[in-house]
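Below you'll find the structure, written out as structure tokens, and then a few comments.
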Amino acid sequence: MWLQQILLLSGLVTLCFSLDNGLARTPPMGWLTWTRFSCNTNCEQDPDYCISEKLVMQMADHMAMDGYKEAGYEYVCLDDCWLAAERDVFHQLQPDRKRFPHGMKYLADYVHSKGLKLGIYEDFGTKTCAGFPGSEFYMELDAKTFAEWGIDLLKFDTCHSDARENKYGYPAMSMYLNQTNRKILYSCEWPYGELQLNASIQTDYSAVRTSCNTWRNFWDVSDDFNSVKSIVGFYGKNNALFQKYSGPGGFFDPDQVLVGGFGMSHYQQRAQMAMWAMFSAPLIMSNDLRSIPAEAKQLLLNKYIISVDQDPLGTMATKLWEFNGLQLWVKPIVPTGSLAIAFFNSNNYGSGTPLVSVASDLGMADARGYQVTEVFEGTDLGTLKPDSKLSIRVNPDDVYMIICKILS
Ligand code: GLA
């Protein structure tokens, strides 16, 4: 019973304060340049892979054409390195003219014409992480500029700034964005800046949630499963704290989804996708939609995993236990009483971990019983009652994930 109560409570905790811009009622979904295309500005030698309007337009085309938009992916986002080296004579930000010959308004119009939204990147400090002009001293002007261009999301980084000032600077930018009257989703790196300071700053997540729609709070993800494991580990360690602040309007951002990349096996990629869904994390992919492997595309479009991520409760899963590298995570979803359950195996040896569990030990304690579906194949596992047994095997570096809908 206690288990059921904990899970119910974590699903019902209501968050009093959140950014009141009506956005991110469920975690944002989209695409971002950073991990895959990084800061490649060399369009002369590498025209198809450099940060340019052409790249963004091509990704928007694929998002609209290939089923991503229908699945919920909405924001096409530029990260660092879109800017010219200097502001213009009026101090206004300007894109690099060679790489963005038609300007940002044109690009936003194009993305909007595909039924999608355009995201952009700036930095709270004097420079962006890659050394382009930052927003410090210009936040109001920059917010107005983004609104004039038709920008729909701002990722606001924390390089070249004093992270002790994040608690003033990030809310200020939030206010300026709201003053534009354009709905701009605000994606902050405020807690990550405080983490990097390595001082004893305890991030005030309540304040972060009041100003931001999503917030990065850990190191950059890289296309490598050790990186994914360290993020899952960090979220596990801070599970009880983080759960309090995740919900409609504001979500923790463990960074981009690298499904379709080079560095992880298919099983590792699906483990990342599944855990991000369990966290109610933004599903912002960074990959090349022009040449994505079929099984990666299928995973990105998996309707079961997306439904868990986009569940209207917006709860972060509870980590129930960890034993010999195997973790059990459980997330309340709608209709009330239903659950998503994921076993995450951080071991990378052997032929997997076999398990026989009693359903109630996994959180399925309601006598009405559950209709259970395995998410990757969509296999119907039938009905489980609290005393039913579930026999599974969790592959190394993989997850086993099920959706358990309460029976009425
Ligand atoms: C930081 C951020 C990354 C990316 C780069 C860009 O490292 O955390 O997500 O935006 O800067 O330079």
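Whatever order the structure lists them in is the order used to number ligands and atoms, beginning at 1.
- A 4.5 Å side-chain heavy-atom check between D397 and K229 finds at least one atom pair inside the cut-off.
- For K155, the closest heavy-atom approach to ligand 1 falls below 4.0 Å.
- Distances shorter than 4.0 angstrom do not occur between any heavy atom of W219 and any atom of ligand 1.
- For atom 12 (O) of ligand 1, the closest heavy atom belonging to the protein is D80 OD2, 2.7 Å.
- Proximity of the aromatic rings of Y192 and W219 is defined here by a centroid distance below 6.0 angstrom, and this criterion is met.
- For W31 and Y75, the gap between ring centers reaches or exceeds 6.0 Å.
- Of the N or O atoms in Q256, none lie within a sub-3.5 Å distance of an N or O in ligand 1.
- Of the N or O atoms in Y192, none lie within a sub-3.5 Å distance of an N or O in ligand 1.
- Considering only non-hydrogen protein atoms, atom 11 (O) of ligand 1 sits nearest to D157 OD2, 2.9 Å.
- Screening W149, Y121, F132 for a ring-ring contact (aromatic ring centres under 6.0 Å, His included) involving W82 leaves a single residue, W149.
- Scored by the ring-ring contact (aromatic ring centres under 6.0 Å, His included) test, F124 finds Y170 as partners (sequence neighbours excluded).
- With hydrogens left out, the protein atom closest to atom 7 (O) of ligand 1 is D220 OD2, 2.7 Å, a heavy atom.
- A ring-ring contact (aromatic ring centres under 6.0 Å, His included) with Y235 is found for exactly one of W329, F344, W276, F242, namely F242.
- Under the salt bridge (Lys or Arg N to Asp or Glu O under 4.0 Å) criterion, D96 pairs with R99, not counting sequence neighbours.
- What sits closest to atom 10 (O) of ligand 1 on the protein, heavy atoms only, is D79 OD1, 2.6 Å.
- For ligand 1 and C129, the ligand atoms under 4.0 Å from any heavy atom of the residue are 1 (C), 11 (O), 12 (O).
- Within the listing of ligand 1, atoms 8 (O), 9 (O) sit less than 4.0 angstrom from a heavy atom of R216.
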